[in-house]
Amino acid sequence: MVAQHNCFELRNHLNINRIRTERSWSAVGRKNKSYSKDLHQQAYEKLTGMQHFGESKKAAVEDGTEKDKIFSYNTYSTYWKHAKYFVKWIQTEHPECTTLKSAKKFVNEWLQSRVDQVDGKGQHLSAWTIQTEAAALNKLYQIDKADPNRFQPPKRNRSEIKRSRVSAERDKHFSVTNNDELIRFCKGTGCRRNVLERLEGRDMWMRADMEKEVSVLSGRTDLSDKERKHLVVLKDALEVFPDHDIFIHHRKDKNGRYRFAPVMGPDKNAIIERMRNTGPNEKVWQYVNSNADIHGYRAEYATAMYKSYARPLNQIPYDRVNKGTGKRFQGDVYTCRKDESGKKLDRQAMKKCSKALGHNRISVVADNYIRGL
């Protein structure tokens with residue numbers, strides 16, 4: 001009996017120690033939650049933690065916090081999509097990596113595999129895709145531009161752009177005839193797809209209405225942040241485009257920005273009629289064909305606008321002096337780079353074009369929009 005009692009006591013003692021050990025390990029697991037999550041969850045939480053939608057990127061660059069933040073939902077969505085590709089590859093090729101930290105050393109290997117990747121038709125991924133994927137991983141791991149180990153993706157050449165320049169496979173599924181009104185509308189307004197899909201009748205503004213709104217807002221001292229921003233974009237459009245009388249209000253465009261851009265071109269009256277026949281809170285377009293080449297139509301809008309403002313280059317004054325040579329030159333003449341090297345454009349016309357498209361850099365207009373000059 002004594003022996004049985006001692007065995008019973010020993011089993012109880014062992015069970016108690018086992019329970020204590022399990023609780024101890026459980027507590028460790030709770031304190032180190034990252035180690036109980038798979039790579040997918042770790043990457044998701046890292047990127048969602050960087051969300052600062054609507055904040056000023058310019059201010060973040062100035063105070064040095066830009067690399068820790070993502071400023072628009074579209075950017076976040078794109079980065080998350082490519083981060084998932086990386087995570088899936090790691091789980092297949094390097095299953096021993098269970099944390100983002102341990103997977104970091106394979107970033108360059110993955111990106112190089114994407115550069116080398118060839119599809120069934122013998123086509124490589126575009127330089128645009130590779131650069132986007134590199135940007136996504138640089139943001140995920142906060143890899144600094146000065147880091148010597150930072151992956152250098154292939155350069156993007158304007159001549160390599162296929163979409164919006166030549167016939168693409170998706171064009172076979174798009175009827176130009178059936179979408180004629182949509183195409184003409186896009187070429188006259190320069191809308192991005194996201195704006196086009198939620199554009200409403202109230203988004204057309206007459207110049208007189210804009211001037212009246214500026215007068216009312218300028219006379220108030222209790223403006224909200226939203227009203228102050230509205231006043232700024234109204235004034236900006238009126239000053240930049242003094243010769244235009246009809247504008248489209250591009251609400252929540254890229255990076256959540258607002259702007260007013262002029263309606264122009266041979267289909268201006270048809271566009272005005274379409275907007276007027278749409279209720280203030282009704283969508284102008286109930287459906288926008290996914291195969292519509294929206295970027296191509298924006299390029300035509302941009303090119304038409306540039307032509308309407310561009311001065312003959314020989315009429316642009318020599319207003320600057322080169323400090324090195326002492327020779328005078330034309331400060332308002334922009335010289336293109338890369339495969340457009342040597343082409344010269346009117347810088348002032350490019351600035352107007354950039355404003356209308358919702359960009360801040362005229363180089364973007366030169367590299368991606370102005371065509372056939």
Considering all heavy atoms of both residues, which atom of [X] and which atom of [Y] are nearest to each other, and what is their separation?
{"X": "A127", "Y": "P154", "result": "CB-O, 3.9 Å"}
{"X": "C97", "Y": "I90", "result": "CB-CG2, 3.9 Å"}
{"X": "L137", "Y": "I143", "result": "O-CD1, 4.3 Å"}
{"X": "G188", "Y": "Y301", "result": "O-CE1, 3.4 Å"}
{"X": "A43", "Y": "V87", "result": "CB-CG2, 4.1 Å"}
{"X": "K46", "Y": "L140", "result": "NZ-O, 2.7 Å"}

Between the side chains of [X] and [Y], is a donor N or O closer than 3.5 angstrom to an acceptor N or O?
{"X": "S126", "Y": "T129", "answer": "yes"}
{"X": "T78", "Y": "T75", "answer": "no"}
{"X": "T65", "Y": "D63", "answer": "yes"}
{"X": "N269", "Y": "E273", "answer": "no"}

Are H40 and K88 close enough, and set up right, to give a side chain to side chain contact (heavy atoms under 4.5 Å, CB included), and what steps lead you there? CA-CA 8 Å; H40 184 277; K88 185 176 181 180; over 6 Å; no

Angle class for the [X]/[Y] ring planes (parallel below 30°, perpendicular above 60°, tilted otherwise)?
{"X": "F241", "Y": "Y309", "result": "tilted"}
{"X": "H249", "Y": "W205", "result": "perpendicular"}
{"X": "W110", "Y": "W89", "result": "tilted"}
{"X": "Y73", "Y": "Y76", "result": "tilted"}

salt_bridge([X], [Y]) N-O dist < 4.0 Å:
{"X": "D332", "Y": "R347", "answer": "no"}
{"X": "R228", "Y": "D225", "answer": "yes"}
{"X": "D253", "Y": "R192", "answer": "yes"}
{"X": "K187", "Y": "D267", "answer": "no"}
{"X": "E227", "Y": "R220", "answer": "yes"}
{"X": "E239", "Y": "K235", "answer": "no"}
{"X": "D293", "Y": "R193", "answer": "no"}
{"X": "K37", "Y": "E45", "answer": "yes"}
{"X": "R207", "Y": "D245", "answer": "no"}

Any side-chain heavy atom of [X] within less than 4.5 Å of one from [Y]?
{"X": "S113", "Y": "D116", "value": "no"}
{"X": "K145", "Y": "R150", "value": "yes"}
{"X": "P262", "Y": "I246", "value": "no"}
{"X": "K254", "Y": "N74", "value": "no"}
{"X": "Y79", "Y": "I70", "value": "yes"}

Identify whether [X] and [Y] are in the same connected component of the hydrophobic contact network (ILVMFWY, side-chain heavy atoms under 4.5 Å).
{"X": "Y258", "Y": "M275", "result": "no"}
{"X": "L234", "Y": "L223", "result": "yes"}
{"X": "I130", "Y": "Y85", "result": "yes"}
{"X": "F185", "Y": "V195", "result": "yes"}
{"X": "L47", "Y": "F53", "result": "yes"}

For T303 and Y306, what are the C-alpha separation, side-chain angles and deciding distance, and is it a side chain to side chain contact (heavy atoms under 4.5 Å, CB included)? CA-CA 5 Å; T303 303; Y306 173 81; 5.7 Å; no

Does [X] reach the main-chain N or O of [Y] with its side chain, forming a donor-acceptor pair under 3.5 Å?
{"X": "N138", "Y": "D144", "answer": "no"}
{"X": "Q42", "Y": "T98", "answer": "yes"}
{"X": "R298", "Y": "G190", "answer": "yes"}
{"X": "K283", "Y": "E200", "answer": "no"}
{"X": "Q330", "Y": "I316", "answer": "yes"}
{"X": "S215", "Y": "K212", "answer": "no"}
{"X": "Y141", "Y": "V107", "answer": "no"}
{"X": "S354", "Y": "K351", "answer": "no"}
{"X": "D236", "Y": "V232", "answer": "no"}
{"X": "K352", "Y": "V240", "answer": "yes"}

Interatomic spacing from [atom1] in [X] to [atom2] in [Y] - rounded to 0.5 Å:
{"X": "L357", "Y": "H250", "atom1": "CG", "atom2": "NE2", "value": "9.0 Å"}
{"X": "K105", "Y": "K101", "atom1": "NZ", "atom2": "NZ", "value": "10.5 Å"}
{"X": "M210", "Y": "L238", "atom1": "CE", "atom2": "CG", "value": "4.0 Å"}
{"X": "Q91", "Y": "D38", "atom1": "CD", "atom2": "CG", "value": "6.0 Å"}
{"X": "K355", "Y": "I362", "atom1": "NZ", "atom2": "CD1", "value": "12.5 Å"}
{"X": "M350", "Y": "M305", "atom1": "CE", "atom2": "CE", "value": "14.0 Å"}

Tell me if the [atom1] atom of [X] is crowded by more than 12 foreign heavy atoms within 6.0 Å.
{"X": "K84", "atom1": "NZ", "answer": "yes"}
{"X": "K69", "atom1": "NZ", "answer": "yes"}
{"X": "R311", "atom1": "CZ", "answer": "yes"}
{"X": "F329", "atom1": "CZ", "answer": "yes"}

Residue of the set R198, K252, R251 for which salt bridge (charged side-chain N to carboxylate O under 4.0 Å, His left out) holds with D203: R251

Does the structure place the NZ or CZ of R274 under 6.0 Å from the centre of the six-membered ring of W285, at an angle of no more than 45° from the ring's axis? yes

Stepwise ring-ring contact (aromatic ring centres under 6.0 Å, His included) test for H94 and F106: CA-CA 9 Å; H94 301 283; F106 296 111; 3.6 Å; yes

H295/Y369 under side chain to side chain contact (heavy atoms under 4.5 Å, CB included): CA gap, chis, key distance, verdict: CA-CA 8 Å; H295 181 78; Y369 291 97; 3.4 Å; yes

Verdict with supporting geometry, F247 and D209, side chain to side chain contact (heavy atoms under 4.5 Å, CB included): CA-CA 10 Å; F247 294 78; D209 294 328; over 6 Å; no

